[in-house]
Amino acid sequence: MSNDIRYNLVERAVIYGVSALVGMLISFLSLLLAAGLMLASDLPQETASVISAICLGIGSVFSGFLSAKKIKSGGIVNGLICGGAIYIIVLFISLFLSDNGFSLITVFHLVITLLMAAIGGVFGVSAASKRRLY
């Protein structure tokens with residue numbers, strides 16, 4: 001007999017939304033930390049794009065991890081969905097705040113976000129399937 005929990009579409013959408021929001025919050029907090037470190041260490045402005053991609057990847061890993069751990073199956077797919085949601089939010093924010101529009105850096109952020117969220121999803125399913133022996 002299997003103890004798998006089956007979530008309907010609305011429940012999955014809520015899980016993806018909450019996971020994406022947590023991922024965005026973690027990205028925001030890591031961006032604040034990185035901004036402080038950049039200010040303290042006097043790094044050049046050109047490193048800001050790379051650091052923002054790293055911070056976005058950190059949040060994406062946590063987002064994919066949370067969704068896959070809750071759903072307990074389909075880690076890559078769940079991670080990609082959460083990563084896509086985070087990327088769409090970041091894309092809309094950057095299009096409204098930036099004058100650059102769509103560029104190669106935007107595509108780079110898409111790849112980083114989806115890849116890291118999928119990795120987080122794989123780890124989330126692995127963490128959900130661990131059983132305690134005691």
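In what follows, every heavy atom counts, from backbone to side chain, and hydrogens, waters and symmetry copies are set aside. By convention here, the first residue in the shown sequence is residue 1.
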If you link ILVMFWY side chains whenever their heavy atoms are less than 4.5 Å apart, which other residues fall into the same cluster as [X]? By chain and number, please.
X	answer
L104	none
M24	L56, I86, I89, V90, I93, L97
L21	none

Please report the interatomic distance [atom1]([X]) to [atom2]([Y]), rounded to the nearest 0.5 Å.
X	Y	atom1	atom2	answer
T113	L91	OG1	CG	10.0 Å
K69	S126	NZ	OG	11.0 Å
L29	L33	CG	CG	9.0 Å
S63	I58	OG	CD1	13.5 Å
F62	M116	CZ	CE	10.0 Å
C82	L114	SG	CG	11.0 Å

Could you pull out all residues at least two apart from [X] that satisfy side-chain contact (heavy atoms from CB on, under 4.5 Å)?
X	result
F108	A53, I112
I105	S49, S103, H109
A85	A20
I51	A34, M38, L43, T47, C55

- Task: Quick one: closest heavy-atom pair of A68 and G121, and the distance?
- Result: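 Distance-wise, the nearest heavy atoms are CB-O, 3.1 Å.
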- Task: Sorted by first residue and then second, give each side chain to side chain donor-acceptor pair (under 3.5 Å) pair with at least one member in residues 78-89; sequence neighbours left out.
- Result: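 Applying side chain to side chain donor-acceptor pair (under 3.5 Å) to every pair that reaches into residues 78-89, excluding sequence neighbours, yields Y16-N78.
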- Message: Is there a path of hydrophobic side-chain contacts, each under 4.5 Å between heavy atoms of I/L/V/M/F/W/Y residues, joining V14 to L9?
- Response: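 Different clusters.
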- Task: Flag yes if V107 and I88 sit in one hydrophobic cluster, no otherwise; membership is Ile, Leu, Val, Met, Phe, Trp, Tyr, and two members link when side-chain heavy atoms are under 4.5 Å apart.
- Result: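 V107 does not cluster with I88.
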- Would you indicate whether I76, at its atom CD1, is surrounded by more than 12 heavy atoms from other residues, nucleotides or ligands within a distance under 6.0 Å?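 Check fails, neighbour count at 12 or below.
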